[in-house]
Asks: 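Mind having a look at this structure? Questions to follow.
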2 protein chains.
Amino acid sequence: MVTLSEVARHARVTAATVSNVLRNREKVRPETAERVLQAIAELGYRPNLNARALAQGRSSTLALMLSNIANPFYPEFVLAAERAARKSGHFLMVCNTDDDAQIGRAYLNQIAGTFADGVLVMNTDIAMNELCISAMHNGPILLAMWEHPEKPPALPCVAVDFAQAGALAAKHLLELGHRKIGMLIGDGCGGLQDARSDGFRAALAAGGVACATAQMQVRDSIDAGHEACVTLMKKHPQLTAIFASNDLLAIGAIQALIGMGRAVPHDVSVIGITDIALAHQVRPALTTVAIQTAAVAELSISRLIQLIDAPVQVPSMAIGPPPELVVRDSTGPCKARASG
Amino acid sequence: MVTLSEVARHARVTAATVSNVLRNREKVRPETAERVLQAIAELGYRPNLNARALAQGRSSTLALMLSNIANPFYPEFVLAAERAARKSGHFLMVCNTDDDAQIGRAYLNQIAGTFADGVLVMNTDIAMNELCISAMHNGPILLAMWEHPEKPPALPCVAVDFAQAGALAAKHLLELGHRKIGMLIGDGCGGLQDARSDGFRAALAAGGVACATAQMQVRDSIDAGHEACVTLMKKHPQLTAIFASNDLLAIGAIQALIGMGRAVPHDVSVIGITDIALAHQVRPALTTVAIQTAAVAELSISRLIQLIDAPVQVPSMAIGPPPELVVRDSTGPCKARASG
DNA sequence: TTGAAAGCGCTAACAA
DNA sequence: TTGTTAGCGCTTTCAA
């Protein structure tokens with residue numbers, strides 16, 4: 001491995017000068033800089049980032065903790081987060097907790113403030129939330145995709161108005177004439193997605209519909225959505241619409257309905273939340289309430305970096321862009337009502 | 001930040017002893033160790049991993065380079081890779097190159113051997129491959145999911161017999177009686193997926209079918225598969241089966257066919273390669289040739305670690321588990337032939 | 001504009 | 001069993 005001092009020797013200067021060429025070029029005479037650069041090129045020198053991190057007290061690495069990257073929602077976030085991190089000169093370390101608090105704790109203890117300059121944590125459940133709070137003194141931690149803008153957590157966060165997302169979904173179904181509505185509520189990878197369902201229920205109530213007829217609480221996956229939907233429809237065959245608190249469940253629900261001989265949206269409408277890429281790729285294409293995932297990721301990265309640079313000045317909560325209804329092919333007018 | 005020497009002072013020992021407690025416990029007297037552990041707990045000490053990395057000359061970090069994590073194939077690999085890395089005491093840094101050789105080069109130059117102990121590179125195209133070869137002297141680099149076991153690259157790799165995967169797909173279609181077969185060949189994120197198509201073509205030939213009727217070359221995504229399939233079927237409406245070199249294309253193809261009024265598999269059969277999670281979640285569920293993604297990821301991580309520990313002794317190429325046909329609902333007997 | 005020197009926090013000989 | 005010492009490769013004052 002070629003070290004900085006070898007470069008220095010080769011260029012007949014001292015290590016400090018090489019370092020200056022690398023960092024603040026203006027401090028060194030052009031001819032000298034030229035000599036140094038040439039030495040760097042000749043020797044194929046590459047700075048040791050660990051040494052630099054140690055000397056500087058910062059590693060230019062950000063960590064992103066999430067429960068399970070196999071959930072298609074996360075890769076979209078990761079992609080945008082990694083791009084944003086890269087653009088600002090940071091690396092991104094992806095930490096899967098596998099929904100396991102032990103692993104989450106281990107990561108947080110190991111890397112927060114020692115290996116990563118800052119940590120971004122997604123979709124925390126209560127246990128994870130407390131873990132983060134107790135790990136805050138280790139270094140900056142920011143919660144991304146916080147679902148309750150009305151009640152800021154004890155940590156810096158980027159919030160998204162998921163209640164509003166639920167409300168938009170409800171409004172859409174109401175406008176289509178639906179009155180018998182079922183809910184599939186995901187576990188948000190540990191933390192209940194209750195902002196979404198609360199927002200949905202409240203909007204239904206405001207629209208004069210007392211309450212969704214039935215609800216189920218399930219894990220976030222297509223398969224789970226499928227299964228839950230079958231159960232739900234068996235119990236409540238009269239439902240004409242289903243709201244799912246995320247797109248995976250909604251997609252699973254659509255498949256279940258079709259499998260049971262119910263046409264979507266002709267017999268039953270289905271709406272989700274998030275607008276993952278898959279939503280427009282399935283058939284019928286999914287009507288959903290879009291969360292601007294990439295924008296939220298960028299905002300989260302940028303605020304985490306601010307937090308690292310100036311811990312005090314940054315207000316604790318930022319609100320991401322508002323959710324937006326995206327009407328596709330999985331929702332339609334309520335047949336029962338039209339004819340009844 | 002609490003440092004090791006503060007702990008040492010607190011426990012009235014020297015830094016070396018604290019270090020020994022942390023690493024080789026047996027070298028220190030139990031009572032002393034007890035005192036040290038207590039000091040660690042009281043002060044909330046956590047080792048600085050950058051300092052450790054510098055002193056040890058290894059960071060316990062692995063980097064995984066891939067083109068675009070939003071492609072659903074990668075998260076499944078990443079999940080398994082991260083688990084395997086974690087189990088062996090390593091962190092995993094995910095590096096998206098966005099299909100951009102510049103970014104790939106930058107990552108490779110920055111982290112190989114300086115920040116990451118080893119680098120895993122997936123699905124390389126030729127440019128990336130050369131980049132890796134030229135970066136090999138920086139530190140261990142291993143190619144994962146190499147598609148040509150018969151021609152080992154100039155780098156250590158874990159190969160999968162994708163030609164065999166293509167052959168299995170061909171055999172399946174032939175056995176179902178198909179003779180008019182179209183191909184959709186993905187770009188493998190830069191590198192052509194030609195092992196798959198070659199294997200497929202060869203097996204067709206061996207089965208007495210001269211060649212697939214038509215083929216198209218497209219980017220790996222559902223949308224691209226959809227579009228390409230529409231074009232293909234317009235040109236060659238007589239096709240009774242479509243082979244896609246990966247599942248995303250196959251899923252897009254199914255949707256395109258259904259959209260064009262062709263029933264799957266009744267009118268046209270579709271088969272893919274990989275068996276991503278989505279394959280069993282779409283309707284009709286996709287027949288495909290499964291690559292054991294998780295197993296390949298584990299093997300890749302384990303060999304990368306071997307390479308780091310004992311660069312010389314590790315043979316250059318390892319072969320992953322053989323592909324397996326998974327029959328689901330997107331393929332069926334050739335109607336035209338049955339009636340013809 | 002350049003150099004000398006101290007130090008980031010930890011590890012690992014080696015000595016005691 | 002514990003302490004002493006010398007780094008790891010880089011940055012960063014401070015002097016020259």
Side-chain angles (χ1 to χ4, degrees), chain A residues 1-37 39-40 43-61 89 109-117 138-139, chain B residues 1-37 39-40 43-61 89 109-117 138-139:
Chain A
M1 162 180 248
V2 183
T3 69
L4 188 146
S5 57
E6 293 180 58
V7 172
R9 203 176 318 136
H10 198 87
R12 282 170 307 123
V13 294
T14 168
T17 301
V18 178
S19 181
N20 271 329
V21 171
L22 257 36
R23 335 209 83 249
N24 8 265
R25 184 80 56 85
E26 65 289 357
K27 297 211 130 194
V28 37
R29 178 151 42 104
E31 298 93 272
T32 316
E34 185 52 43
R35 232 171 50 241
V36 170
L37 290 173
I40 288 176
L43 300 177
Y45 166 75
R46 298 170 318 124
N48 181 315
L49 299 190
N50 274 308
R52 175 175 289 177
L54 180 58
Q56 284 194 139
R58 34 188 274 115
S59 62
S60 297
T61 297
N109 276 332
Q110 283 188 99
I111 65 180
T114 87
F115 204 57
D117 296 340
N138 294 339
Chain B
M1 162 178 249
V2 184
T3 69
L4 187 146
S5 57
E6 292 180 58
V7 172
R9 204 177 315 137
H10 198 88
R12 284 170 306 123
V13 294
T14 171
T17 301
V18 177
S19 182
N20 270 329
V21 172
L22 256 38
R23 335 208 84 249
N24 9 265
R25 186 78 57 84
E26 65 290 356
K27 297 210 130 194
V28 38
R29 179 152 40 106
E31 299 92 272
T32 316
E34 185 53 43
R35 231 171 49 240
V36 170
L37 289 173
I40 288 176
L43 299 177
Y45 166 76
R46 298 171 318 125
N48 181 315
L49 299 191
N50 273 308
R52 175 175 289 177
L54 180 57
Q56 286 194 137
R58 34 189 275 116
S59 62
S60 296
T61 297
N109 275 333
Q110 284 188 98
I111 63 180
T114 87
F115 203 58
D117 295 340
N138 295 339

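Every chain is numbered from 1, with letters handed out A, B, ... down the list of sequences.
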Asks: What does the inter-axis angle of the helix from C:dT1-D:dA16 to C:dA16-D:dT1 come out as, five pairs per end, nearest 10 degrees?
Replies: 40°
Asks: What does A:Thr14 touch in the nucleic acid at a heavy-atom separation under 4.0 angstrom: a base, only the sugar-phosphate, or nothing?
Replies: base
Asks: Give the first and the last nucleotide of DNA chain D, reading 5' to 3', that has any atom under 4.0 Å from a heavy atom of chain A.
Replies: D:dG9 to D:dT12
Asks: Below 3.5 Å, can you tabulate the donor-acceptor pairs from side chains in residues 43-53 of chain B to any protein atom, sequence neighbours excluded?
Replies:
unit_1  : atom_1 : unit_2   : atom_2 : d
B:Arg46 : NE     : A:Asn138 : OD1    : 3.2
B:Arg46 : NH1    : A:Asn109 : O      : 2.4
B:Arg46 : NH1    : A:Ala112 : O      : 3.0
B:Arg46 : NH2    : A:Ala112 : O      : 2.8
B:Arg46 : NH2    : A:Asn138 : OD1    : 3.4
B:Asn48 : OD1    : B:Asn50  : N      : 2.8
B:Asn48 : OD1    : B:Ala51  : N      : 3.0
B:Asn50 : ND2    : A:Thr114 : O      : 3.2

Asks: Show me, pair by pair, the donor-acceptor contacts under 3.5 angstrom made by side chains of residues 5-17 of chain B, not counting sequence neighbours?
Replies:
unit_1  : atom_1 : unit_2  : atom_2 : d
B:Ser5  : OG     : B:Thr3  : OG1    : 3.2
B:Glu6  : OE2    : B:Thr3  : N      : 3.2
B:His10 : NE2    : B:Glu42 : OE1    : 2.8

Asks: List for me each residue that meets side-chain hydrogen bond (donor to acceptor under 3.5 Å, both in side chains) alongside B:Ser59, sequence neighbours excluded, and say none if there are none.
Replies: B:Asp117
Asks: List for me each residue that meets salt bridge (Lys or Arg N to Asp or Glu O under 4.0 Å) alongside A:Arg23, sequence neighbours excluded, and say none if there are none.
Replies: none
Asks: Considering residues at least two apart in sequence or located in another chain, which fulfil the salt bridge (Lys or Arg N to Asp or Glu O under 4.0 Å) criterion with A:Glu31?
Replies: A:Arg29
Asks: Which residues satisfy the salt bridge (Lys or Arg N to Asp or Glu O under 4.0 Å) test with B:Arg58, sequence neighbours excluded?
Replies: B:Asp309
Asks: Take nucleotides 6-16 of chain C nucleotide by nucleotide from the 5' end and write B, S or -, depending on whether a protein heavy atom sits under 4.0 Å from the base, only from the sugar-phosphate, or from neither.
Replies: -BBBBSB----
